[in-house]
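A short write-up of the structure that comes next.
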Amino acid sequence: MKRIINYFSYKQIKKDIYKDTESQGRTKGFNLKLYLLLMLLSFILVFSFCLLFKIGLFFNCLVAVFFLTQVPIIIRRKYLAASNENKFKDVDIYLHQMLYSFRRSSKIDRALKDSYKISEGKLKTCIKKALDELSFGVGENVYKDAFDIIEAEYGCDRMRALHKFLMAVEKKGGNTRNSIEVLNYDFDNWVSSVYKFQKEIKKIRRDTTIGLFISIGLALITSYLCLSLNRFSQNPIDITKDLSYNISTSVFLILSIAFLSWNLSSYKGDYLKSLRSDKKIMDNYNLAFKKSTKSLYLISIPLIVIILLAAIICFILKLEIISIYLLISLVFILIHPVTAKRRAKKIAVNDLREGFTSWLRDLSLGLSKAPLYVALEQSLRNCPIIIKEELEKFLEKIDINPLDVNPYYEFLSEFNCLDVSSAVRTLYSIGEMENESADETINVLVKRNNEISQKFDEERYSDITSGLKFLEYLPTFFAAFKISADMLLIITRYL
């Protein structure tokens with residue numbers, strides 16, 4: 001009961017939206033008047049549709065109550081999405097300003113002060129705390145402690161890469177032109193692809209919402225068709241009084257409301273954190289490359305035997321339809337190990353490309369300061385989990401024979417990802433080069449990494465938008481279900 005109260009409670013919703021006072025300044029105000037107004041408008045909207053469909057009072061209340069249960073979750077998720085978009089804008093401002101200011105002054109404190117002047121809200125508060133840490137903190141890790149304050153709120157791979165680079169330059173100095181160009185190009189590509197994706201998501205949501213209301217309008221045709229037929233019938237029939245009509249209409253409206261709720265609140269827009277944990281990544285990797293198809297079939301044997309016996313028993317008892325359904329499910333179970341491994345490999349390649357671009361970015365920064373082997377060893381510490389084991393083996397092999405080309409061809413070869421393999425082989429040419437030639441090759445490597453990163457982001461966002469675009473047609477199926485049910489009812493009543 002307490003959970004239900006908290007779910008609808010204005011105070012709890014506001015607490016969920018505003019986790020701290022600083023975040024309130026970056027999100028449109030939410031107050032009790034707005035909450036009550038949204039609840040009232042939702043109730044009026046749904047009740048209007050119920051009146052148009054002419055369903056009974058009980059079903060009116062059922063549909064209206066269901067919609068009211070969706071309002072709090074829509075509010076929470078919409079504000080969460082807005083908060084995540086604001087966080088991304090903060091990171092965009094921070095990354096570029098820090099880079100521009102550091103290029104000019106080569107001082108972290110100066111770059112932070114410049115970023116503080118143009119920031120607002122939570123970002124401004126975090127930078128202020130970081131500056132205080134630089135002013136009053138003690139010890140060798142004062143820069144790391146200052147950056148940790150900002151990363152705790154906005155942490156992402158690119159921010160960590162920037163901080164790592166800034167601390168290395170502050171400590172050791174050196175020529176930073178190439179490294180700054182590496183980071184700046186990467187930041188620009190990432191930011192532009194995210195803004196493009198955000199714009200596409202909003203367009204899809206708008207089109208889907210319009211399509212949903214058109215589908216509801218189409219579903220109204222059959223009930224009013226019945227009224228038109230009554231003009232030419234000696235025995236007028238009102239299908240809206242029929243129980244099956246009320247049930248099918250209520251199901252249609254509830255499905256439409258659930259879809260509307262999902263459409264308005266499905267993608268929360270967390271662009272800074274990876275959606276997959278290290279455990280999920282490794283579980284999927286093990287399924288794709290460590291477990292054999294045979295072992296997956298052995299796990300499925302008990303279930304296969306049970307379903308097969310059940311199908312035989314149903315056939316003996318002359319329950320042929322149930323037996324057929326059981327055999328169909330058996331077919332899906334038999335092909336599942338193959339499809340599961342295929343899907344796991346596809347996901348593993350995506351995990352690799354995401355991790356590889358992050359690792360290669362860090363490695364490129366390291367190569368501007370150290371030889372290849374040293375940079376590889378340094379990258380191992382913060383290496384993405386999906387690369388870590390292979391990188392350890394790779395280091396062992398080149399430690400034994402630095403001139404051997406085979407380790408470069410074997411590194412990450414099991415993924416069979418041409419983009420990654422091509423970039424890895426470029427590393428082989430860096431080891432024995434003079435500084436000037438090595439810099440040119442590193443630039444080629446960086447450019448290739450940025451192309452891989454941009455291609456991966458575009459494909460990932462394209463997969464998401466393609467899925468959402470496909471679901472635009474779902475309301476059409478809802479309307480088809482409703483119209484077919486009504487037509488069947490009209491035919492049975494009039495014939």
Extract all donor-acceptor atom pairs below 3.5 Å that involve side chains of residues 68-75 and protein atoms in other chains or at least two apart in sequence.
| unit_1 | atom_1 | unit_2 | atom_2 | d |
| --- | --- | --- | --- | --- |
| Thr69 | OG1 | Phe66 | O | 2.4 |
| Gln70 | OE1 | Ser261 | OG | 2.9 |

Completion exercise
Taken in chain and number order and not counting sequence neighbours, the residues that satisfy side chain to side chain contact (heavy atoms under 4.5 Å, CB included) with Asp114 are Gln97, Ser101, Arg110, Lys117
Exercise for the section: Kindly write out the residues that satisfy side-chain hydrogen bond (donor to acceptor under 3.5 Å, both in side chains) with Asp148, not counting sequence neighbours, or none if the list is empty. Expected result: Lys144
Handout entry: Pairwise salt bridge (Lys or Arg N to Asp or Glu O under 4.0 Å) hits with a residue in residues 281-294, at least two apart
Key = Lys279-Asp283
Practice task
Please name all residues satisfying side-chain hydrogen bond (donor to acceptor under 3.5 Å, both in side chains) with Asn284, sequence neighbours left out, ordered by chain then number.
Solution key: none
Problem - Set of ring-ring contact (aromatic ring centres under 6.0 Å, His included) partners for Phe259, sequence neighbours left out - result: Trp262
Exercise for the section: Could you tell me which residues satisfy salt bridge (Lys or Arg N to Asp or Glu O under 4.0 Å) with Lys107, sequence neighbours excluded, listed by chain and number? Expected result: none
Practice task
Could I get the full list of side chain to side chain contact (heavy atoms under 4.5 Å, CB included) partners for Ile214, not counting sequence neighbours?
Solution key: Ile210, Leu218
Fill in the blank from the handout: Residues at least two apart in sequence or cross-chain that pass side chain to side chain contact (heavy atoms under 4.5 Å, CB included) with Arg160, listed by chain then number, are Glu151, Asp157
Practice task
Could I get the full list of ring-ring contact (aromatic ring centres under 6.0 Å, His included) partners for Phe394, not counting sequence neighbours?
Solution key: Tyr408, Phe411
Completion exercise
Sorted by chain and residue number, the ring-ring contact (aromatic ring centres under 6.0 Å, His included) partners of Phe415 (sequence neighbours excluded) come out as Tyr285, Phe289
Handout entry: With Asn401 via side chain to side chain contact (heavy atoms under 4.5 Å, CB included) - residues at least two apart
Key = Leu403, Asp404
